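Everything numeric in this text was worked out from a predicted model, so none of it was measured.
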Amino acid sequence: ADAPGASPLRLHWRYRSEALPYGAMFQLLRVDGRPGRFLGLAQVSRQLGVAAAGCFQQEGNEYAYVDGEQDPSWRGTGTEDYFNCAYFYQLGEVATPTHGCLDQTYSPTGGAQAGLVSAYRWHALDGIPFRRSLVLLQEAGCPRKGALAGVNGRETLHYEWVCLHYAAPAEATPAEGDGTRERGAISQPGRGWRSFPRLGCYRGHGREVRARRQADPPPGGARTACQ
């Protein structure tokens with residue numbers, strides 16, 4: 001039995017592994033029908049095959065939809081920014097209590113990154129609370145830059161990740177079970193999620209922005225085409 005005054009929330013984790021077409025939007029985590037708090041993400045991403053640009057997948061943004069909202073209240077500015085390691089981990093591998101980059105693989109000549117990154121972030125002070133539901137999405141690379149480079153849907157990226165969150169107890173289901181391995185929800189660039197075509201990308205390394213429309217004033221700096 002729980003001690004008097006103990007929190008009703010329980011720790012949950014979820015592992016998934018996916019090979020994704022460059023430019024796709026995929027689902028990191030979905031929790032429905034119970035309150036909780038998102039705690040963090042550990043992720044390994046790699047390029048499959050010959051890449052047009054090393055570590056190009058690190059331009060993908062993350063988005064959090066809380067309690068059924070249509071526009072995300074958490075809107076990222078790049079994968080490496082989410083892990084608090086801006087500009088493609090230019091300071092190299094680093095490990096802190098809240099974030100880090102534990103591995104980077106370089107080409108044989110050392111002239112460019114081969115496209116493998118292992119990174120993590122724990123939301124010790126800035127967890128994402130939700131009362132009813134949470135949907136956490138990520139772009140597999142920046143679809144805008146992918147379109148300019150001609151790699152959307154042509155190159156393949158592989159992701160492995162673990163999400164941690166607190167949530168009230170509930171019977172595990174395939175959609176939100178603990179420790180499950182399953183396929184993710186994917187939408188191709190420009191399709192699927194209603195708000196995806198108008199997502200704005202902003203320069204704001206190391207922090208998340210709350211921008212509702214592309215027409216909104218860019219917080220913290222000039223608007224870019226996905227950094």
- Task: Answer whether the closest heavy-atom distance between the side chains of Arg16 and Tyr159 falls below 4.5 Å.
- Result: no
- Item | Closest non-hydrogen atom pair, Pro97 against Trp122 | O-CD1, 3.5 Å
- Message: Less than 4.5 Å apart, side chain to side chain, heavy atoms only: is that true for Ser45 and Thr79?
- Response: no
- Assess whether side chain to side chain contact (heavy atoms under 4.5 Å, CB included) is satisfied between Thr98 and Leu125, documenting all intermediate values. CA-CA 9 Å; Thr98 58; Leu125 301 176; over 6 Å; no
- Message: Does either side chain, that of Glu139 or that of Tyr63, offer a donor lying less than 3.5 Å from an acceptor on the other one?
- Response: yes
- Item | Side-chain donor-acceptor pair present, Gln58, Tyr89, cut-off under 3.5 Å | yes
- Ala19 and His158: which non-hydrogen atoms are nearest, and at how many Å? N-CD2, 3.9 Å
- In terms of heavy-atom contacts, Arg37 and Pro129 come closest through NH2-CB, 3.9 Å
- Task: List the steps and the verdict of salt bridge (Lys or Arg N to Asp or Glu O under 4.0 Å) for Arg46 and Asp103.
- Result: CA-CA 11 Å; Arg46 61 175 62 85; Asp103 188 25; over 6 Å; no
- Message: Restricting to side-chain hydrogen bond (donor to acceptor under 3.5 Å, both in side chains), what partner residues turn up for His99, sequence neighbours left out?
- Response: Thr96
- Euclidean distance, Ser133 OG relative to Arg34 CZ, rounded to 0.5 Å: 12.0 Å
- Where Leu102 and Ala95 come nearest, the two heavy atoms and their spacing: CD2-CB, 4.0 Å
- Message: Give me the atom names and distance for the closest heavy-atom approach of His165 to Leu29.
- Response: ND1-CD2, 4.0 Å
- Query: After noting the C-alpha distance and the side-chain angles of Trp161 and Val44, does the key distance pass the side chain to side chain contact (heavy atoms under 4.5 Å, CB included) rule?
  - Reply: CA-CA 6 Å; Trp161 69 95; Val44 179; over 6 Å; no
- Residue pairs, two or more places apart or on separate chains, that pass ring pair (Phe, Tyr, Trp, His ring centres under 6.0 Å) and touch residues 27-50: Phe38-His123
- Query: CZ of Arg30 to CG of Leu137: how many Å apart, nearest 0.5 Å?
  - Reply: 9.0 Å
- Query: So which heavy atom on Tyr22 is nearest to which on Val151, and how close?
  - Reply: CB-O, 3.5 Å
- Results of ring-ring contact (aromatic ring centres under 6.0 Å, His included) for Phe130 - residues two or more places apart only: none
